[in-house]
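Scroll down for the structure; my scribbles are underneath it.
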Amino acid sequence: MVESRAFSAPGKALLVGGYLVLDPKYKSYVVALSARMHGVVSKHESKDNYTRVTVTSSQFNNDSWSYIVEDDSGFFPNSVDGKKNAFIETAIFNVFTYFEPELSKKLDIAIEIFSDSGYHSQAGSIPKRNRFKEFSYHSKSITEIPKTGLGSSAGLATVVTAALVSVFKPDLDVNRNQDLKLIHNLAQVAHCQAQGKVGSGFDVAAATFGSIMYQRFDPKLITNLPEHNAGQIYGQQLRSLVDQVDWKMTIERIRLPDGLRLVMGDVNSGSETTKLVAKVIAWYNANLPRSLDVYEELNCLNEEFINTLGVLNSVAAKDPIRYAQMMDAVNGGGYKSIMAFTELAKLRNCINCIRENFRLITKESGADIEPSVQTELLDACMWLDGVLTAVVPGAGGYDAISLITTKEADIKSQTEGNSAFDAVTWLDLSQADIGLVEENPTHYLDLK
Ligand SMILES: Nc1ncnc2c1ncn2[C@@H]1O[C@H](COP(=O)(O)OP(=O)(O)OP(=O)(O)O)[C@@H](O)[C@H]1O
Ligand SMILES: C[C@@](O)(CCOP(=O)(O)O)CC(=O)O
């Protein structure tokens with residue numbers, strides 16, 4: 001009998017802390033989304049004389065990556081047909097190397113990937129569903145379908161890691177913190193290596209732990225690992241890093257206050273995060289100490305924003321009448337009545353000043369973090385009933401916008417037919433604070 005298990009992990013929106021979060025001293029606020037990446041894993045004894053891992057992504061023109069993995073070649077995944085996916089390869093390499101499984105009995109491991117529709121542009125796709133799930137099917141490969149920037153590669157690295165860990169550690173329980181930490185650490189190493197070591201890791205942390213206040217680990221923890229071909233020493237250092245080293249990162253579970261929700265708009269043109277990051281770092285280094293002052297000011301604003309959301313959470317719990325009045329003000333009370341509530345005024349002021357600083361960095365660095373078309377769009381959003389704040393999430397640019405709105409706000413109907421919002425497709429997703437979960441593998445069968 002084939003044993004199957006399934007796992008899913010959420011996408012993310014980085015609401016505050018973009019760029020600063022690359023430095024371990026700064027905090028960020030990351031909301032996990034209802035759009036999830038899924039992996040269904042099964043293993044059987046292989047009839048061949050080797051162990052093979054095959055990952056399929058049937059939604060994307062039946063994409064598939066198949067690797068032979070052997071201990072005598074240092075667990076380095078060898079593509080069967082030359083087709084490669086860096087995120088899958090580094091996940092396989094690190095999980096096998098961590099467990100060093102004794103492969104005298106050869107295994108055939110199959111992982112099926114499914115991604116919820118929010119991750120990619122839906123143009124030309126067709127839905128397939130069963131009683132439990134629905135996924136969009138595309139006629140092109142994954143690399144040819146435009147992404148929306150919700151962190152598909154982090155979701156992929158996290159579910160492939162969880163799937164493989166479950167093969168070598170059958171008692172894996174994602175409700176146990178220790179097991180989540182194991183998956184997080186391995187996925188973080190894999191994602192960082194595949195991605196070219198540029199990210200802060202907030203996306204992998206959110207894929208594993210859900211909505212979080214995140215402060216990163218020292219990037220050297222991963223970059224100081226030896227080369228993959230270093231033999232035994234890589235495995236020893238990886239195991240020490242994953243199991244023993246204190247990563248000194250902060251992962252504090254958070255959630256948006258009751259009555260508020262996240263609305264994401266896809267802006268259809270897309271930006272390359274790595275290029276933006278390179279320009280901002282160049283600007284930062286060339287403008288010290290003034291750039292440090294800008295970062296410190298941004299950090300104060302970010303922290304005030306995060307703290308004020310915490311305050312709103314307690315107002316919602318302790319003073320529901322006042323909280324309901326606040327939500328009414330956002331829902332249509334107009335500017336003055338919103339600003340009459342100090343907490344709401346603080347949140348809005350923080351976001352305005354954060355945006356102002358990012359416009360300054362945009363102008364001086366040439367990195368289009370909040371280019372003027374996005375400024376116009378965000379400003380237009382602020383006039384809609386039910387909108388508390390509007391930002392470009394993450395690295396900013398032309399990827400997306402994120403609004404915090406009331407639960408009642410109907411953004412779609414307010415913006416329909418209004419040319420100011422022509423570039424935006426409102427994504428059918430919301431915040432969903434939960435991180436990696438185990439799913440029922442039968443829920444992915446017979447999609448039609
Ligand atoms: N469903 C999937 N199946 C297989 N591979 C996938 C899938 N989704 C994403 N990937 C891999 O992740 C890559 C995209 O990762 P990338 O980091 O560029 O985007 P992202 O993580 O979605 O967005 P961002 O980094 O802007 O948040 C794809 O080229 C592919 O290699
Ligand atoms: C610019 C940066 O701080 C955020 C990038 O966010 P996103 O991938 O654009 O959602 C980089 C990072 O933290 O990895």
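Read the numbers this way: they start at 1 and go in the same order the structure lists the ligands and their atoms. None of the values given here were measured: they were computed from a predicted structure.
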Under the 3.5 angstrom rule, does the side chain of Arg255 hit a backbone N or O of Asn313 as a donor-acceptor pair? no
Return the residue, atom name and 0.1 Å-rounded distance of the protein heavy atom closest to atom 26 (O) of ligand 1. Lys147 NZ, 3.2 Å
Can you report which non-hydrogen protein atom sits closest to atom 15 (O) of ligand 1, along with the distance? Ser153 CB, 3.2 Å
Could you tell me which atoms of ligand 2, counted from 1 in the order shown, lie closer than 4.0 angstrom to a heavy atom of Thr273? 5 (C), 8 (O), 9 (O)
Listed partners of Phe168 passing ring pair (Phe, Tyr, Trp, His ring centres under 6.0 Å), at least two apart: Phe96, Phe99
Where ligand 2 meets Gly18 - atom numbers and elements under 4.0 angstrom, heavy-atom basis: 3 (O)
Under a heavy-atom criterion of less than 4.0 Å, does Leu156 contact ligand 1? yes
Which protein non-hydrogen atom lies closest to atom 31 (O) of ligand 1, naming both residue and atom, and how far is it? Asn85 ND2, 3.4 Å
Between Trp65 and ligand 1, find which residue part has any heavy-atom pair under 4.0 Å and reply side chain, backbone, both or neither. side chain
Is the Phe217 ring parallel, tilted or perpendicular to the Trp247 ring (thresholds 30°, 60°)? perpendicular
Give the numbers and elements of all ligand 1 atoms closer than 4.0 Å to a heavy atom of Lys12. 27 (O)
Counting only heavy atoms, which portion of Gln59 has something under 4.0 Å from ligand 1: side chain, backbone, both, or neither? neither
Enumerate the atoms of ligand 2 whose separation from the nearest heavy atom of Val21 is less than 4.0 angstrom. 3 (O), 13 (O)
Ligand 2 atoms nearer than 4.0 angstrom to some heavy atom of Gly199 are 14 (O)
Quick look: Ser152 vs ligand 1, heavy-atom contacts under 4.0 Å, and the answer is both
Give the residue and atom name of whichever protein heavy atom lies nearest to atom 3 (N) of ligand 1, and the separation in Å to one decimal. Ser57 OG, 2.8 Å
Looking only at side chains, do Gln193 and Thr90 share a donor and an acceptor under 3.5 Å apart? no
Under 4.0 angstrom from ligand 1, any heavy atom of Gln195? no
May I ask whether Phe114 places a heavy atom under 4.0 Å from ligand 1? no
Considering Ala367, Ala395, Ala13, Ala206 one by one, which has a heavy atom nearer to atom 5 (C) of ligand 2 than any of the others? Ala395
Students often mix this up, so state it plainly: with edges at 30° and 60°, are the rings of Phe358 and Tyr19 parallel, tilted or perpendicular? tilted
Contact check: Gly149 vs ligand 1, nitrogen or oxygen atoms, below 3.5 angstrom: yes
With a cut-off of 4.0 Å, which atoms of ligand 1 are near a heavy atom of Phe60? 1 (N)
Is any N or O atom of Thr273, backbone or side chain, closer than 3.5 Å to an N or O atom of ligand 1? no
Where is the nearest protein heavy atom to atom 13 (C) of ligand 1: which residue, which atom, and how far? Phe87 CE1, 3.9 Å
Asp399 to ligand 1: N or O pair under 3.5 Å? no
Touching ligand 2 at all, Lys12? Heavy atoms, strictly under 4.0 Å? yes
Going by heavy-atom distance to atom 7 (C) of ligand 1, choose the closest among Thr148, Thr274, Ile142. Ile142
Starting from atom 13 (O) of ligand 2, locate the nearest protein heavy atom and write down its residue, its atom name and how far away it is, to 0.1 Å. Ser200 OG, 2.6 Å
Is there at least one pair of N or O atoms, one from His120 and one from ligand 1, spaced under 3.5 Å apart? no
Among all protein non-hydrogen atoms, which one is nearest to atom 29 (O) of ligand 1, and what is the separation to 0.1 Å? Thr143 CG2, 4.0 Å
One finds that the ligand 2 atoms under 4.0 Å from a non-hydrogen atom of Val277 are 1 (C)
